[in-house]
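Only one structure is covered here, and it is reproduced in the block below.
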Amino acid sequence: MCRGIDGVIDTRIAKAEWPRNRRLKPSTVVPIRAAFSRRVKGRKITAIQRMGKRIVLILDDDWRIVFEPRMTGLALVANPPTDEHLRLSLHLRGGKVSLLMFWDRRGLSTLRLLSPEEFVKVLGPARLGPDALRISVRQLRETFGKSRRAIKVALLDQRCVAGIGNLYASEILFEAKVDPRRRCDLLTARQWSRIHTAISSVLVEAVSYEGSTLSDGTYRNALNQTGDYQNHHRVYDLAGQICCGCEGDEIRRIVQAQRSTFFCPTCQRMP
DNA sequence: CATATGTCCTGAGAGC
DNA sequence: TGCTCTCAGGACATAT
């Protein structure tokens, strides 16, 4: 997610610009735009960091700009998909990149400017679990092992493990050959081990393909290029198709916690 | 305490 | 053709 925007490191923010559009309701911005602009103006971006699904820009006064793209937000250093959905432009000086833009078609994303104290409250360990790419099997079992929740639902809980989205939870459980409806407390050590391996392999593969641009076309990388991982999905958005694993059963779509889950009933048979 | 549900937002697509 | 309706889902607030 931070790929392609490393060029903003060591730049100085000359201006924050908020394009106005009457058709769109404003995205969530904290604090209000005027205060945000005033505080970031003249600040240097000293580092950039991914925390779960968020992008964090660290400023030289230790305040942080936290961007949560959620479903529809993008951070871009190239022209955005449309002009009308551009939410914020940061004009930068002194580095490789002179413009960092935040774009959002539906306004579900959030932008926050946080003091060091607020940052700990919002993104501290109480609110955000260990990163999915760093968590150990032991941590995974300690976190979820006694939960009665379905494993698919649990994997989406960012307080437990950070960085797994809905699409990836389905792909991970297919790769691990685990039924998404299975209760956490009934999973075996062998299954936890496979889930742990699958978390890394699926996420690393997805990142290598620059993510998934689904049928709504929203997702783009920082250069406004579509991802290609959607062409490598094993189950997500493939309901009714023959499973690539068993080449016999059809992929099914079910709903868990109001979210789509895709799986192969044969390859991921309980228990 | 653990888990479940309602809410926000826009645009695509279905149905008539 | 053009309208109305439904749906998509990440994180948080509120309810059970």
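To find a chain, count down the sequence lines: A is the first, B the second, and so on, and within it residues start at 1. Note that these values count all heavy atoms, side chains included, but never hydrogens, waters or copies made by symmetry.
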Item to check | Atom-to-atom span, CG of Asp237(A) to C1' of dC7(C) - whole angstrom | outcome: 13 Å

Checklist entry - Looking for any heavy atom pair under 4.0 Å, which part of the strands does Ser27(A) touch: base, sugar-phosphate only, or nothing? => result nothing

Checklist entry - Distance only, no hydrogens: is a donor on one side chain within 3.5 Å (strictly under) of an acceptor on the other, for Ser109(A) and Trp103(A)? => result no

Checklist entry - OP1, OP2 of dT10(B) versus side-chain N and O of Lys25(A): anything below 4.0 Å? => result no

Next on the checklist: Evaluate Leu113(A) against Leu59(A) for side-chain contact (heavy atoms from CB on, under 4.5 Å), listing each step before the verdict.
Outcome noted: CA-CA 10 Å; Leu113(A) 176 64; Leu59(A) 307 182; 4.1 Å; yes

Checklist entry - Heavy atoms under 4.0 Å, any strand shown: does Asn166(A) hit a base, just sugar-phosphate, or nothing? => result sugar-phosphate

Checklist entry - Contact class for Arg87(A) vs. all strands (heavy atom < 4.0 Å): base, sugar-phosphate, or nothing? => result nothing

Next on the checklist: Under a 3.5 Å threshold, yes or no: a donor from one side chain and an acceptor from the other, between Arg253(A) and Ser260(A)?
Outcome noted: yes

Item to check | same_hphob_cluster(Tyr229(A), Leu173(A)) at 4.5 Å side-chain heavy-atom cutoff | outcome: yes

Item to check | Contact under 4.0 Å: Ser147(A) side-chain N or O vs dT3(B) OP1/OP2 | outcome: yes

Next on the checklist: Between Arg149(A) and dC1(B), is there a contact of a side-chain N or O with OP1 or OP2 at under 4.0 Å?
Outcome noted: no

Checklist entry - Do the side-chain N or O atoms of His85(A) get closer than 4.0 angstrom to the phosphate oxygens (OP1, OP2) of dG11(B)? => result yes

Checklist entry - Closest nucleotide of DNA chain B for Arg259(A) versus for Arg148(A): which of these residues is on the 5' side? => result Arg148(A)

Item to check | 5'-most by nearest nucleotide on DNA chain B - Pro26(A) or Arg159(A) | outcome: Arg159(A)

Checklist outcome for this item: With the side chain defined as heavy atoms from C-beta on, Glu68(A) is closest, among dG11(B), dC12(C), dA8(C), to dC12(C)

